[in-house]
Amino acid sequence: MTMTTELSTTYSPKESESKWYKIWEKGNYFKPKKGKANKPFCIIVPPPNVTGKLHAGHALDVTTQDALIRFKRMKGYETLFLPGLDHAGISTQSVVEKMVWEQEKKTRRDFTREEFLKKIWAWKEEYGNTILDQQKAMGASCDWDYLTFTLDPIPNQAVKKFFVDMYNEKLIYQSDYIVNWDPALQSAVSDAEVEHIEVQGAFYHIKYQIKGSSEHLEVATTRPETLFGDTAVAVNPNDERYKHLIGKIAVIPLCNREVPIIGDEHVDLEKGTGCLKVTPGHDFNDFEIGKRHKLPIINILNLDGTLNNCTMEFSGLSCKEARKKIAKKCDEIGILIDTKNHVHPVGHGERSGVIIEPMISKQWFVNVKEMSRVAVEAVEKGDTTFYPKEWENTYFSWLRDPKDWCVSRQLWWGHQIPVFYCKECLHQWASEQNETECSKCKSENIYQDPDVLDTWFSSGLWPMSTLGWPNEAAMKEKKFDTFFPNSVLITGFDIIFFWVARMMMMSLKTQQQVPFKDVYIHAIVRDKLGRKMSKSLGNGIDPFDMIEQYGTDAFRFSLASGAGYNRGINLDPERIGGFRNFINKVWNAYRFIQPHLNSGQATLNNLAELDHHERWILAELNTTAKAMNEALEIYRYDEASSAVYSFVYDKYCSWFIELSKNILNGDDSKTKAKRVSVLKFVFRKMLALLHPITPFITEELWSHLKEQNEDLLITQDYPEYESQFVFKDDQDKMNKFIEVITSIRNLRASVNIKPKDEVNVELFSDNHELIQYYRANLINFKELARVRELKAGSKELNRPNKSIVNITTHTEIFVPLEGVIDLKDQIARLEKELSKTEIDYKKYEAKMNNANFMKNAPENVRAEVVQSEKELKEKIKSLKENIAQFKE
RNA sequence: GGGCGUUUAGCUCAGCUGGGAGAGCGCUACCCUUACAAGGUAGAUGUCGGGGGUUCGAUCCCCUCAACGCCCACCA
């Protein structure tokens, strides 16, 4: 008895999505298991910020990573997809500070450190997991038992170990150095966290008097307010204009401090006036000049960026206000010579958005010189490969010119720096333990460095710490040796410096090997007009809306179809709608075969029994499997998607299902059973091919198609290329069949024959094999082009009189008509075809007549040209003969 | 200032080591045909940014110009 369930004509994603995710997760399907490939495969999720909400970029992360994980899992790899969360020091602390201010009108300084950290932890517990739920909604097949937070004990242990080892090697050092100071955060930040933005400013030309002389220097500066910090004036030693002044004394306006005039090559003769005020405390270049000339350093700023008490009546003002007032005052006393508009780049805090002030401050630095050299070498040697390869340049450009990494942050939320100070003997030491007494004098009067480490310090150790390093028991439990190095890192290009480079350095330093074999840099998701998604533009696409509207599978397919070696994906919700339709197509293909399922088998026992169309669809399936395997191996999700899309739509649905209808509706039960088996066999393979990209609908349909003893689709074998399914001749013939059918349909449409009305068709060919083939396919012409009677014969035969005609290579298609035929129309159509064909033909003819081509072109190209030339010639002959006939 | 990238059908983009240009969406016409109107059938559209070169042959390689975008860079 055939059991049929009523199925809706449209697929509704919601139910199957939540259903299958739970079944997979509860059934431990996401856990690493040894499979037939007997190799590990591990991807670690770039940990999203706990402040975060899933955005389109994360959705792309999940899609590309999960598709690969599912693909490899099906291929029998021991797969681990490792999830995590990042404490994101600055962002998270800021969010909580803002919240506390709104709720209690208090700043963090109104609390003790412990009290405030408690608030952040509470916040993290409450909101931190939403993004994980969203990843689950995207279908991420992570082993959630591996979930790691960057502040968990093991990452903390990793951070301490790395820091202490580096400290003891003197590769981490403390120094009074000029750093990027973020006045809003009141913390140092690293170079990578500074964004240079072009702003409209001005060059102020100010007169600096020379002591004991009537001469003066004209200094050009964009920052007159820093003149209180000037400790020299510099000119280029080769500058004829000023050379004679070197060694003399200049007097700083307003404060009348006397400073030397020095010569330094750094000064550009062309820029400004060629005369530079040197402020070593607040400018990176000046700091270097100061070092070279042993100049004193004067700090003129408070930690919040306002001017301090070295600045006379200007103290307490912001730089911006002070600049205005100082310029005004200089003007009043007649030393402001000129003000010129000037557009120049100014560093802004990546997180805070405020202007970064270069300031001298005692901070911790990592000496990255050697580590970056090793990291560059590893990629040059190919230990790690970037896809697409061009991104290696970006990676190199950062690491080949390394600056020491400022890692201390004056924040509370993060890994506290494991350095201790003794108040008694002033001893300083680093330790992985929570120290209670001085390691030297045993005094208990000690304290730990209050600062925390840059968030990227713990992120850099992520591939190791998530797998248990440096805790040996944890490493064993988490199978460090199996999953490290990871197989591939998938992320966006915006964090190549921040993250990829640091992981490379820190892994090579601690493990003497690279952290991952491949790095796939995916595109940045933009809106449909190619603009960055941003709150201010309001053009953000919320993944949850997309899932709600179109279903996760459709959303994943859209992202996959846009993910190749490109830099941007312009995501248009309408496109997702298109893929939703595709998903629905799969659903309906299932609805078509569903009533017949019981009469067929899931396996094909005897390939020799298969008919032409069955061999054809298997060959097409095989081609698709090959293309998908190859594409996914090299992160060409776009190619994989388009291959499977075209197979499902253009091969299976448009032709194979159509060609199966007469068999399924017929009486020949043996033929029918065979056809159902093939439909089922191919459908099952098709689901497997699709599964990595669209896991939910495929698992849903698999549950209807699987045998009782079979497990879920997520564990089934991924279809591979198989030589037994190569049927080249059937593919060629089928292409011919499709061409002729299309041609008949075209003729019907050209004279408005109703879809229901039948026509007679006569085919004339110069190819005997084709004639036989057409004759054998009578029933299919009937089905697909509403043909009543089909004659196929040699071109030697007479053509029917009143007909409409199309000409293809090797075949003339005649549809005899009863009524009046518009000869003009007919001739026009054929002549259009003729001229097109002739243009084509001439190209080939020219080649054949080109001795150089015949001499130089490779054999296969030549053969192709010869073949095409022959076929086009034949077609032209047909066209001409028929046109002549109609003109008579 | 340095570097990278992009420019192909109305829109978004493929086009692998050079052999004669493709997809999706959109558009037009006709169809509710017994899997699917979230559908079917047929159809239109390209000086492959401009110019030059290499080659038997260039969307693809080289040079050059142009437009757009991104990244890096010490605020004279």
Side-chain angles (χ1 to χ4, degrees), chain A residues 7 9-11 178 191 196 199 201 203-204 219-223 226 234 266-268 271-279 282-288 342 344-347 355-358 390-391 393-394 397-398 401 493-494 496-497 524 528-530 550 554 561-562 564 566-572 574-575 577-595 630 634 636 638-639 642 645-646 653-654 657-658 661 665 742 745-750 752 754-756 785-786 840 843-844 846-847 850-858 860-862 864-865:
Chain A
L7 290 174
T9 61
T10 49
Y11 167 64
I178 189 157
D191 293 330
H196 288 88
V199 299
F203 256 137
Y204 299 90
V219 169
T221 178
T222 54
R223 303 200 63 185
T226 62
H266 167 77
V267 181
D268 187 335
K271 219 167 175 180
T273 55
C275 192
L276 177 68
K277 68 195 248 334
V278 182
T279 321
H282 298 288
D283 184 287
F284 289 93
N285 288 311
D286 293 6
F287 181 78
E288 294 300 324
H342 177 55
H344 58 118
V346 177
I355 291 177
I356 294 296
E357 293 295 343
E390 297 90 76
W391 289 113
N393 288 327
T394 304
S397 78
W398 174 259
D401 181 26
F493 61 77
D494 46 339
I496 290 178
F497 306 141
I524 299 288
K528 67 170 176 178
L529 300 172
Y550 302 111
S561 74
N566 45 335
R567 301 191 154 208
I569 295 178
N570 297 354
L571 194 61
D572 182 352
E574 263 185 54
R575 241 182 105 88
F579 289 116
R580 185 266 320 264
N581 298 352
F582 169 72
I583 300 292
N584 201 47
K585 190 82 179 174
V586 176
W587 174 255
N588 277 294
Y590 170 70
R591 283 185 67 230
F592 172 79
I593 62 168
Q594 191 243 6
E630 288 171 359
I634 56 169
R636 289 301 305 257
D638 52 347
E639 285 183 354
S642 92
Y645 186 102
S646 146
C653 291
S654 292
I657 282 185
E658 294 304 326
K661 283 180 178 170
N665 294 332
T742 306
R745 286 168 175 172
N746 169 283
L747 282 176
R748 296 176 53 113
S750 74
N752 288 322
K754 294 248 158 60
K756 277 179 186 162
R786 284 244 138 202
D840 245 23
K843 288 182 194 160
Y844 288 99
K847 285 201 175 193
N850 182 336
N852 278 324
F853 172 79
M854 296 309 278
K855 201 174 70 196
N856 296 328
N860 61 324
V861 174
R862 232 177 332 157
E864 223 178 278
V865 168

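Order of the sequence lines sets the chain letters (A, B, ...), proteins ahead of strands, with each chain counted from 1. Basis for what follows: all heavy atoms, side chains included, without hydrogens, waters or symmetry-related copies.
- As rounded to the nearest Å, B:G49 and B:C68 have C1' atoms that lie 11 Å from one another.
- With both pairing distances under 3.5 Å, B:G18 is matched to nothing as a Watson-Crick or G-U wobble pair.
- Side chain of A:A589, nearest nucleotide from B:A35, B:C13, B:G69: B:A35.
- Here A:S561 contributes atom OG and A:Y645 contributes atom OH; the two are 9.5 Å apart, rounded to the nearest 0.5 Å.
- Between A:R591 and A:T9, the closest side-chain pair of non-hydrogen atoms falls below 4.5 Å.
- Going from atom CH2 of A:W391 over to atom C1' of B:C70 covers 8 Å, rounded to whole Å.
- Taking side-chain N and O atoms only, A:T742 has a distance below 4.0 Å to OP1 or OP2 of B:A42.
- Separation of the C1' atoms belonging to B:G40 and B:U34 is 14 Å when rounded to the nearest angstrom.
- Between A:H282 and B:C75 there is no side-chain polar atom (N or O) within less than 4.0 angstrom of OP1 or OP2.
- Residue A:E658 contributes atom CD, which lies 11 Å from atom P of B:U34 at whole-angstrom precision.
- B:G43 and B:G26 are spaced 14 Å apart, taking the C1' atom of each and rounding to whole Å.
- When distances are taken from the side chain of A:R223 to each of B:G43, B:C75, B:C56, the shortest belongs to B:C75.
- When rounded to the nearest whole Å, the span between CG of A:N393 and P of B:G5 equals 7 Å.
- In this structure B:A67 sits in a base pair with B:U6, meeting the Watson-Crick or G-U test at under 3.5 Å.
- Taken from OG1 in A:T279 to CG in A:D286, the straight-line distance is 5.0 Å, to the nearest 0.5 Å.
- Between the side chain of A:E639 and the base of B:A23, no donor-acceptor pair of N or O atoms lies under 3.5 Å.
- A straight line from CZ of A:F582 to P of B:G40 spans 12 Å, rounded to a whole angstrom.
- Atom CD in A:Q594 sits about 13 Å away from atom P in B:C36, given to the nearest Å.
- Under the Watson-Crick and G-U wobble criteria, each requiring two contacts below 3.5 Å, nucleotide B:U12 is paired to B:A23.
- Side-chain N/O atoms of A:N856 include one lying less than 4.0 angstrom from OP1 or OP2 on B:C56.
- The nucleotide whose nearest atom lies closest to any side-chain atom of A:F493 is, among B:C36, B:G24, B:C70, B:C70.
- Taking side-chain N and O atoms only, A:N852 has no distance below 4.0 Å to OP1 or OP2 of B:U55.
- Evaluation of atom-type donor-acceptor distances gives no pair under 3.5 Å for the side chain of A:R745 against the base of B:A42.
- Taking atom NZ of A:K855 as the reference point, atom C1' of B:U55 lies 13 Å away to the nearest angstrom.
- The gap from the P atom of B:G50 to that of B:G46 amounts to 15 Å, rounded to the nearest Å.
- Using P as the reference atom, B:C65 and B:C70 are 22 Å apart when rounded to the nearest Å.
- When the nearest nucleotides of RNA chain B are assigned to A:R786 and A:N752 by heavy-atom distance, the more 5′-ward of the two goes with A:N752.
- Distances were taken from every side-chain heavy atom of A:Y645 (C-beta onward) to each of B:A38, B:A35, B:G24; the shortest belongs to B:G24.
- Put simply, CZ on A:R575 and CG on A:N570 are 9.5 Å apart, with the number rounded to the nearest 0.5 Å.
- Taking the side chain of A:N588 as heavy atoms from C-beta on, and the options B:C36, B:C72, B:U41, the nearest nucleotide is B:C36.
- Across the P atoms, B:U45 and B:A37 are found 31 Å apart, a figure rounded to whole Å.
- In this structure, OG1 in A:T742 is found 6.0 Å from CZ in A:R745, a value given to the nearest 0.5 Å.
- Ion pair A:R223/A:E357 flagged as a salt bridge, since at least one NZ, NE, NH1 or NH2 atom sits closer than 4.0 Å to an Asp/Glu carboxylate oxygen.
- The P atoms of B:C61 and B:A23 are separated by 23 Å, rounded to the nearest whole Å.
- Under the Watson-Crick or G-U wobble criterion, with both distances below 3.5 Å, B:A35 has no partner in any strand shown.
- The side chain of A:C653 lies closest to B:A35, out of B:C56, B:U33, B:A35.
- Using P as the reference atom, B:A9 and B:A66 are 23 Å apart when rounded to the nearest Å.
- Across all strands shown, A:K585 has heavy atoms under 4.0 Å from base atoms, whether or not it also approaches the sugar-phosphate.
- With distances taken from any side-chain atom of A:N584 to the nucleotides B:C36, B:U41, B:G24, the minimum falls on B:C36.
- Between A:N746 and B:G43, a side-chain N or O to OP1/OP2 separation shorter than 4.0 Å is present.
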One pair to check against side chain to side chain contact (heavy atoms under 4.5 Å, CB included): A:W391 and A:I496. What are the steps and the verdict?
CA-CA 9 Å; A:W391 289 113; A:I496 290 178; 3.7 Å; yes
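- Atom CZ of A:R567 is separated from atom C1' of B:C71 by 8 Å (rounded to the nearest Å).
- Taking the side chain of A:K661 as heavy atoms from C-beta on, and the options B:A73, B:A42, B:A35, the nearest nucleotide is B:A35.
- Looking at heavy-atom distances under 4.0 Å, A:R636 makes contact with sugar-phosphate atoms alone, never a base.
- Checked against B:G19, B:C75, B:C36, the side chain of A:T9 finds its nearest nucleotide in B:C36.
- A:Y590 places its OH atom 15 Å from the P atom of B:C36, with the value rounded to the nearest Å.
- When each of B:G40, B:U12, B:G26 is scored by its nearest atom to the side-chain atoms of A:E574, the top-ranked nucleotide is B:G26.
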